[in-house]
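Heads up, the thing below is written out as structure tokens.
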Amino acid sequence: MEELLEQLLEDCRHYTAQGKLANYIPELTKGNINDLGIYVVRSDGRHYQAGDYNKQFSIQSIVKPILLLLGLMDNGVDYVRSKIGVEATGKPFDAINVTDQQLLSDHLNPMVNMGAIAMCTLVKGADYQERFQRLLELTRLLAGNPDIQVDEAVYLSEKRTGNKNRALAFLLKSSGMIDDNVEQVLDCYFRACSIKVSCKDLANIGFALTNRGKMLQTDERLFPSQYARYVNAILMTCGMYDGSGDFAVKVGVPAKSGVGGGIMAVVPTRMGIGIFSPGLDDKGNSLAGIKVLERLSQRMYLSIF
């Protein structure tokens with residue numbers, strides 16, 4: 001398996017230079033465009049890795065399924081579904097013009113920025129510091145890594161330059177979809193996107209969703225299986241931004257990307273996969289990362305279709 005992963009990285013390495021680093025978060029422009037790594041956790045307990053799998057990077061939008069999961073754990077499916085929709089928007093992840101009518105919950109999903117900002121208000125806590133801390137603890141638990149922290153430089157960079165997300169949050173506020181203080185909600189969201197992870201962390205998080213909420217070694221249940229089904233379904237239709245349909249055809253597994261260059265993939269009952277390559281395509285997805293997943297899916301018949 002490791003020989004296969006090494007070969008796939010070698011075959012796809014030239015795609016790294018064809019991507020572009022995210023430049024609207026200044027700190028992300030400091031990344032190495034040549035980085036490429038993968039980590040795989042299989043249902044038989046075996047782990048495989050290749051390339052720059054130990055590199056750390058900011059989780060960015062890959063925190064969205066964890067945020068959704070925590071919202072489900074706090075409120076249940078029916079309440080979350082009443083507040084935030086599930087349909088793909090067909091627009092970029094940070095789009096403001098999601099509708100030319102009054103903004104409603106059905107116009108959003110938890111994998112676009114506006115939906116994820118609204119999701120922050122569904123997490124329970126005495127204040128937004130406690131809400132974020134609960135999200136961080138869940139991330140650590142799913143990843144099996146108690147040392148996961150926030151990348152403070154990325155957080156401050158996002159907070160300083162995140163005016164489009166502010167516009168999205170105030171649009172939510174003006175539409176009556178959030179009641180809380182906008183800056184407090186955004187601070188939680190910016191911190192969430194700045195959590196620092198590795199390919200191994202993403203693979204373990206993906207495996208928790210693959211295994212329907214159960215730990216690999218102990219079989220301990222972390223969350224109900226119905227929540228895994230809910231999250232995986234939305235990842236399948238919305239997880240790769242407005243490239244989700246093309247990804248479904250070419251790769252065929254639930255996945256979530258982030259503009260930090262990460263991809264978390266969920267192969268139901270089989271494996272969790274974490275990939276890192278910071279060069280992005282025009283959708284905001286890791287260009288080389290998707291190419292590696294395409295070839296891995298073809299070689300191992302991973303598609304669920």
Side-chain angles (χ1 to χ4, degrees), residues 1-22 31-57 59-60 62 143-145 197-211 216 232 235-236 239-241 243-305:
M1 180 69 170
E2 285 192 350
E3 289 183 8
L4 171 60
L5 297 181
E6 292 281 3
Q7 185 62 54
L8 293 179
L9 294 196
E10 185 64 27
D11 292 345
C12 296
R13 189 167 295 280
H14 67 282
Y15 288 110
T16 59
Q18 296 180 26
K20 295 181 179 180
L21 299 174
N32 183 348
I33 196 75
N34 297 311
D35 284 344
L36 179 61
I38 185 170
Y39 199 100
V40 175
V41 181
R42 295 201 325 192
S43 57
D44 60 7
R46 296 182 181 181
H47 295 226
Y48 302 94
Q49 58 279 318
D52 302 305
Y53 65 91
N54 271 327
K55 288 282 184 79
Q56 290 189 311
F57 51 93
I59 196 169
Q60 295 298 325
I62 306 172
N145 182 359
V197 293
S198 66
C199 291
K200 181 179 180 179
D201 296 326
L202 294 187
N204 284 332
I205 294 167
F207 188 83
L209 292 167
T210 291
N211 209 32
L216 176 61
N232 288 341
L235 289 180
M236 190 73 253
M240 300 298 286
Y241 303 138
S244 295
D246 189 59
F247 185 85
V249 170
K250 293 180 178 178
V251 182
V253 300
K256 186 72 198 83
S257 60
V259 296
I263 300 177
M264 176 193 72
V266 179
V267 186
T269 74
R270 294 181 63 184
M271 65 183 70
I273 304 170
I275 288 182
F276 172 57
S277 181
L280 309 179
D281 63 18
D282 59 359
K283 305 288 187 182
N285 298 317
S286 172
L287 195 157
I290 287 181
K291 294 297 184 182
V292 171
L293 273 175
E294 284 181 17
R295 299 187 185 200
L296 183 62
S297 180
Q298 291 166 4
R299 291 286 297 272
M300 300 193 69
Y301 303 97
L302 300 184
S303 176
I304 66 174
F305 300 109

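Numbers for residues simply follow the sequence, beginning at 1. Keep in mind the model is a prediction, meaning the values are calculated, not measured.
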### Message
For G258 versus L280, what's the shortest heavy-atom pair and its separation?
### Response
O-CD2, 4.3 Å
#### Entry: Any side-chain heavy-atom pair of I62 and V197 under 4.5 Å
no
### Message
How close do L5 and I38 get, counting heavy atoms only, and between which atoms?
### Response
CD2-CD1, 3.9 Å
### Summary
Taking every heavy atom of D35 against every heavy atom of P278, the minimum-distance pair comes out as O-CD, 3.6 Å
### Query
So, do L209 and P254 sit near enough that their side-chain heavy atoms are less than 4.5 Å apart?
no
### Message
Any heavy-atom pair between the side chains of Y15 and D281 that's under 4.5 Å?
### Response
no
### Task
Using atom types as modelled and distance alone, determine if a side-chain donor or acceptor of N204 lies under 3.5 Å from a backbone N or O of D201.
no
### Task
First locate atom OG of S303, then atom CD of Q298, and finally report the distance between them rounded to the nearest 0.5 Å.
10.0 Å
Compile the donor-acceptor pairs under 3.5 Å between side chains in residues 283-297 and protein atoms, sequence neighbours left out, one pair per line.
| unit_1 | atom_1 | unit_2 | atom_2 | d |
| --- | --- | --- | --- | --- |
| N285 | OD1 | S257 | OG | 2.4 |
| N285 | ND2 | M240 | O | 3.2 |
| S286 | OG | S277 | O | 2.7 |
| S286 | OG | G289 | N | 3.1 |
| S297 | OG | V251 | O | 2.8 |

### Summary
Correct closest heavy-atom pair for A265 and V253 would be CB-CG2, 4.2 Å
### Task
Check whether any side-chain heavy atom of R270 sits under 4.5 Å from a side-chain heavy atom of F207, and report yes or no.
no
### Task
Could you grab the distance from atom CE of M271 to atom CG of D44, nearest 0.5 Å is fine?
8.5 Å
## Note on the structure
Residues pairing under salt bridge (charged side-chain N to carboxylate O under 4.0 Å, His left out) where one sits in residues 2-15, two or more places apart or in two chains, turn out to be none
### Task
Please state whether the rings of H47 and Y39 are parallel, tilted or perpendicular, taking 30° and 60° as the class boundaries.
perpendicular
#### Entry: Smallest separation among heavy atoms of N54 and S198, with atom names
O-CB, 4.4 Å
### Message
Show me the pairs that pass ring pair (Phe, Tyr, Trp, His ring centres under 6.0 Å) and involve residues 285-305, at least two apart or across chains.
### Response
none
### Evaluation steps, side chain to side chain contact (heavy atoms under 4.5 Å, CB included), between M300 and V267
CA-CA 11 Å; M300 300 193 69; V267 186; over 6 Å; no
### Task
Scan I263, L202, L302 and name whichever one has a side chain to side chain contact (heavy atoms under 4.5 Å, CB included) with I273.
L302
### Task
Using a 4.5 Å cut-off on heavy atoms from C-beta on, say whether the side chain of I59 contacts that of M264.
no
